[in-house]
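Just so you know, ligand 1 is whichever comes first in the structure, and atom 1 is the first atom listed for that ligand. Just so you know, these numbers come straight off a predicted model, no measurement behind them.
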Amino acid sequence: MADETTRLATAAAPDGTTDVPEHLRRELEEAFERTVGGEGRVEPRDWMPEGYRRTLIRQVAQHAHSEIIGMQPEGNWILRAPSLRRKAILLAKVQDEAGHGLYLYSATETLGVDRGELTEKLISSKQKYSSIFNYPTLTFADIGVIGWLVDGAAICNQVPLCRSSYGPYARAMVRICKEESFHQRQGFELLRTLMAGTEAQRAMVQDAVDRWWWPSLMMFGPADGDSPNTQQSMAWRIKRHTNDELRQRYVDMSVPQAEALGVTFPDPELRWNAERGSYDFGAIDWDEFTAVVKGAGPCNAQRLAHRRAAHENGQWVRDAASAYAAKQEARRREGVAA
Ligand SMILES: [Fe+2]
Ligand SMILES: [Fe+2]
């Protein structure tokens, strides 16, 4: 969306929100609706409704925070990886997650917020991250299960976001999804290796699956009836499918993979429904989900304390970078003056 009307309005009111005469505002809204409705892309300099901007900031920031916090449960096993090969894979994966966080913080900055501000909101619990990362990684099998189930759920959620209406978010997702598919495959490969091992190794995998299955279903968010923002996000084409649609797709995809692996999911109600052409599954414990989202999960305090400490320990780097930039700027000015 970058027609003349939009450009004019952007020049008149760079924040896209105020000081636009009423008649022009209506035209802008219509142009925005046309772009979104016609599968076009909204770009940072385009006019957009304030609600659209706020929804995107919330969603993309939460996504960025999840990538960064998600480094912790797996980082826990880098020093204890059982072989050099596994260590190299895990290092690469955790490093990818850092990269995902950075792309997404950059995408959020195009909406007029600052990354420092977002970090402050994360460490003061004003913004959330995915509830899944508040569970502990107890054995090395958890690394395989996270790759298979958690990155698998992330792929289900994120592939449709490659067609999200906001350009910078959609483009970031294309690259992220390619890396997520490597994450899922390395997890599955790790689990296959363990399943071909000893009885104790197989039991370790099953135990990890038992602990991660339900939290991974919660990654899709509340049931559609309890997800107040879904309809608006779908109308704006920020989201392309509802939480329950994506969750069902994930269950249908995961069951045959579990069979191939030789593990079971801890759900006695899980069975094929020929009429629907999908798997039925048991009720999710939404009380647990709410408690974890509100901060009472097993690792919430630890994850935030670690993130806060990392931020504080990095203060000297930010100070040094700012001092260097100020010095460069002063030199540039002297050069211009001379
Ligand atoms: Fe990621
Ligand atoms: Fe990942």
Side-chain angles (χ1 to χ4, degrees), residues 56 58-78 81 85-109 115 118-119 122 127-137 140-164 166 168-192 208-209 211-213 215-221 238-239 246-247 249-250 253-254 257 299 303 306-307 310:
L56 270 168
R58 195 188 64 238
Q59 180 174 331
V60 186
Q62 183 169 322
H63 194 162
H65 297 328
S66 302
E67 301 282 356
I68 297 296
I69 296 283
M71 295 166 72
Q72 291 185 39
E74 293 186 280
N76 181 34
W77 282 91
I78 291 174
R85 178 171 176 267
R86 293 291 169 201
K87 191 196 285 264
I89 293 172
L90 186 54
L91 264 174
K93 195 220 180 221
V94 172
Q95 196 169 294
D96 282 353
E97 306 301 6
H100 299 172
L102 296 185
Y103 302 151
L104 291 167
Y105 281 126
S106 300
T108 324
E109 286 193 322
R115 185 176 150 196
L118 299 175
T119 302
L122 168 65
Q127 280 177 346
K128 306 266 180 237
Y129 56 89
S130 176
S131 59
I132 192 84
F133 301 118
N134 292 312
Y135 292 86
T137 40
F140 200 71
D142 289 35
I143 299 304
V145 171
I146 288 178
W148 172 38
L149 292 180
V150 176
D151 290 274
I155 291 171
C156 262
N157 255 327
Q158 293 172 11
V159 166
L161 294 175
C162 297
R163 294 186 297 123
S164 171
Y166 189 57
Y169 190 34
R171 287 189 289 275
M173 292 321 301
V174 171
R175 184 157 176 188
I176 289 175
C177 283
K178 286 186 184 151
E179 292 176 346
E180 294 301 355
S181 105
F182 151 68
H183 297 172
Q184 191 190 24
R185 270 183 270 170
Q186 65 81 35
F188 198 75
E189 191 261 349
L190 195 169
L191 296 178
R192 274 167 68 117
V209 171
R211 285 182 287 106
W212 289 95
W213 174 244
S216 72
L217 290 186
M218 295 173 194
M219 283 175 73
F220 296 90
I238 294 174
K239 267 174 95 155
L246 291 168
R247 190 165 13 242
R249 189 181 288 185
Y250 174 70
M253 184 183 95
S254 301
Q257 294 172 355
C299 300
R303 301 288 183 242
H306 189 86
R307 183 67 195 87

Of all the N, O or S atoms in E67, which one sits nearest to the Fe ion (ligand 1)? OE1
Is there a side-chain contact between F182 and D151 (heavy atoms, below 4.5 Å)? no
Heavy atoms from other residues, nucleotides or ligands near CD of Q95 exceed 12 (cutoff 6.0 Å): no
Quick one: does I132's side chain get under 4.5 Å of W212's, heavy atoms only? yes
Measure the shortest side-chain to side-chain distance between H63 and Q158 over non-hydrogen atoms and say whether it is less than 4.5 angstrom. yes
Contact flag E179/the Fe ion (ligand 1), N/O/S atoms, threshold under 2.8 Å: no
Atom of H100 nearest the Fe ion (ligand 1) (restricted to N/O/S, atom name only): ND1
When you draw lines from the Fe ion (ligand 2) to OE1 of E180 and to ND1 of H183, what angle lies between them, to the nearest 10°? 90°
Does any N, O or S atom in D151 come within less than 2.8 Å of the Fe ion (ligand 2)? yes
For the Fe ion (ligand 2), decide whether E97 has an N, O or S atom at a distance under 2.8 Å. yes
Any side-chain heavy-atom pair of R115 and L102 under 4.5 Å: yes
